[in-house]
Amino acid sequence: MKQEIDWAAFPDARGHFGPYGGRFVAETLMGALDELQAVYEKYMKDPQFLAELDADLQHFVGRPSPLYHAERLSRELGGAQVYLKREDLNHTGAHKVNNTIGQALLAKRLGKTRIIAETGAGQHGVATATVAARLGLECVVYMGAEDIQRQSPNVYRMRLLGADVVAVKSGSRTLKDALNEAMRDWVTNVDDTFYIIGTVAGPHPYPAMVRDFQSVIGREARAQHLEMTGRLPDALVACVGGGSNAIGLFHPFLGDTSVAMIGVEAGGEGVATGRHSAPLCAGRPGVLHGNRTYLMEDDNGQIIETHSISAGLDYPGVGPEHAWLKDIGRATYVSVTDDESLRAFHRLTRTEGIIPALETSHAIAHVLALAPSMRADQSVIINLSGRGDKDLNTIARLEGIEL
Amino acid sequence: MSRITKRFAETRSKGRSALVPYVTAGDPSPDVTVPLMHDLVAARADLLELGVPFSDPMADGPVIQQACERALSHGTSLRDVMGMVRVFREHDQDTPVVLMGYLNPVERMGVEVFAEAAAAAGVDGVLMVDLPPEESGDWTGVLERVGIDPIFLIAPTTTDKRLRQVSAAARGFIYYVSLKGVTGSQTLDTAELGNRLESIRALTALPLGVGFGIRDANTAASVARVADAVVVGSAIVQLVTRFPQAPEQFRAAAADLVREMRAAMDKARVAEVPAPA
């Protein structure tokens, strides 16, 4: 970096990270977004709100999550020490709940009685249904019809929690279409409904707000690593679909210029085949879902269908802050194929006794290649963003096993 | 004076509310669109709104989503849509045409390239659903340089402060989204609409078009009493599915609906013309 960047100055007042972000929505939602921004800015400075959030994170979610030194894996790789930030140990099994707890507390303060959400892998849907159940709020979760097939355990969990899971059959029937449908619901029911977006995308203030709620991951990891080793890590690695777990880990380290940050996108069948979900690696800037960011689109500006083994990464866009971090060179973005992530899934499971989500397995796969090129006195933190129970059916099917 | 401004001056002087049918370009197939546009004009449409198909029409209900999917299945691109306007203009130099769509296909083409091509094709106004004035940057300037009116939406949730901002950026007319929801939603309270339009007129001199939720001749007639223009989209577009194998019958049914609405609007609107601000 040539000059010091004041990271706290981003996004600007209208939600821009350089040329990315912003608020590209139909007029009906502008008022609701203004209201949300005002309430979010107010309560993020309110000691009572922050104390309530902290208490929920501690007693309901189970934070702080451990930073675990994966010694056996590190030894086998013969390079850097690998640390796992155990977001899989959170209540509901992934990092998503950090954000839904925060947004649900805001919904309560706004007096909204109905919660809606979109979900891909179902982790965000489960985390939303969980907080809605706890607060006694009506909950509707939009989920692509194809994702409902491949993530059936999570669909059942949401229904057990009292959520109405609506199958979205338009477009590619995955996460992007679920987001379209949730937006349509919100525009129709804007008076009593709070839309809990699950990732760092969408119109301002969502990318900033979700980042702020997820940054607890990086704050804890930074303090834990300093305490365990007396120094900062050399690299952070996280998978990137929309990018909420990655930004949560990266953000508190942005000013630590010695720390490299690597986001791992879903390479699907390989970026060269076109069947992937890697907009930062192979897309270009455009406007979708309320923000300007890197997208996967055709020559006519139509959004194209994405592919990934992992439903949570199967999205044609990415959070605008990642787009900006890529352009300014503060973070780098790579891709990992379906096959590589599957191998990483098995490797971590057998080496450390931890079954990771398929999303998370993409980050692990990159570290399997990266760590051996580093010295033993260096370290890498992987955001172990979710546990793999929800993927057992998918993996069993791929291996021809009937459960 | 733009074709849109001229047309509203005419309808206002005749004490009538303009009827603006919306169709998705390329739906059900690209060859239908230009003949359909002529049919709608023959049925006494005053302006035409042409939807540019997009893969992710976030502000649209199922009827127009499916129209987009049908049009995209034939590969209808933004360039194709402008081509349709160019062909339409060979036989109609008077009826204003407004393109309505989403920003990404325009950005992909490049805003300046788009503006010049649209002007050359004979497009009069452009409405980008997902481009509020806050993000529009030089958009209005680029369009105005080529003589195209930037059209903007306002909604029941729009504050007075933003309304002034929209009014300052907009040309031609302002499109009032008559209810909270996506296109094709059901209910419309026309009494409340009248009050709302009156308070909007205090803040802008531009003609006010009203759309979303106008499904039949009766509703069109009651909206015509208070609005400068009545925009009808989903009610026309859903006729496509009634005649899946017969696009000529769809064209005839669409024209019949427009004719019926026009007649009801003319009947409703006699003496009580809201005074132009």
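Atoms considered below: every heavy atom in the structure, side chains included; atoms not considered: hydrogens, waters and symmetry mates. Below, read A as the first sequence line, B as the second, and so on, with proteins coming before strands; counting in each chain starts at 1.
If you take CG on D130(B) and CE on M183(A), they are separated by 10.5 Å, rounding to the nearest 0.5 Å. A distance of 6.0 Å separates CE of M58(B) from NE2 of H289(A), quoted to the nearest 0.5 Å. Going from atom CG of L295(A) over to atom CZ of R108(B) covers 10.0 Å, rounded to the nearest 0.5 Å. Rounding to the nearest 0.5 angstrom, the gap separating the OH atom in Y175(B) from the CD atom in E27(A) is 13.0 Å. Atoms CG and NZ, from D34(A) and K161(B) in turn, are 7.5 Å apart once rounded to the nearest 0.5 Å. To the nearest 0.5 Å, the span separating CD on Q302(A) from OG1 on T76(B) amounts to 9.5 Å.
At a heavy-atom separation below 4.5 angstrom, chain B is approached by S170(A), G171(A) within residues 166-174 of chain A.
Chain B forms more heavy-atom pairs under 4.5 Å with one residue of G290(A), G31(A), G22(A) than with any other, namely G22(A). Ranked by heavy-atom pairs under 4.5 Å with chain B, the list P285(A), P203(A), A26(A), A32(A) is led by A26(A). Ranking D185(A), D177(A), L29(A), D191(A) against chain B, the residue ahead of the rest is D191(A), based on heavy-atom pairs under 4.5 Å.
For chain A, the nearby part of L103(B) is the side chain; its heavy atoms alone come within less than 4.5 Å. For chain A, the nearby part of V177(B) is the side chain; its heavy atoms alone come within less than 4.5 Å. At a 4.5 Å heavy-atom cutoff, I304(A) makes no contact with chain B through either its backbone or its side chain. For T158(B), the parts lying under 4.5 angstrom from a heavy atom of chain A are both the backbone and the side chain.
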| request: Begin with the C-alpha distance, continue with both residues' side-chain angles, and end with the deciding distance and a verdict on side-chain contact (heavy atoms from CB on, under 4.5 Å) for M30(A) and R162(B). | output: CA-CA 9 Å; M30(A) 292 300 284; R162(B) 296 203 67 251; 3.5 Å; yes
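With contacts defined as side-chain heavy-atom distances shorter than 4.5 Å, the pair I303(A)/N104(B) qualifies. Counting only heavy atoms from C-beta outward, the side chains of E297(A) and E107(B) never approach each other to under 4.5 Å. Side-chain atoms of P57(B) and R184(A), non-hydrogen and from C-beta on, do get closer than 4.5 Å to each other.
Crowding of R79(B) atom CZ: a count of heavy atoms from other residues, nucleotides or ligands under 6.0 Å not exceeding 12. Counting heavy-atom neighbours within 6.0 Å of E192(B) CD, excluding the residue itself, gives a total of 12 or less. The local environment of NZ in K108(A) is sparse, with at most 12 non-hydrogen atoms from other residues, nucleotides or ligands closer than 6.0 Å.
Between P132(B) and F24(A) the shortest heavy-atom distance is CD-CA, 4.1 Å.
Screening P53(B), S55(B), S77(B) for a side chain to side chain contact (heavy atoms under 4.5 Å, CB included) involving N300(A) leaves a single residue, S77(B).
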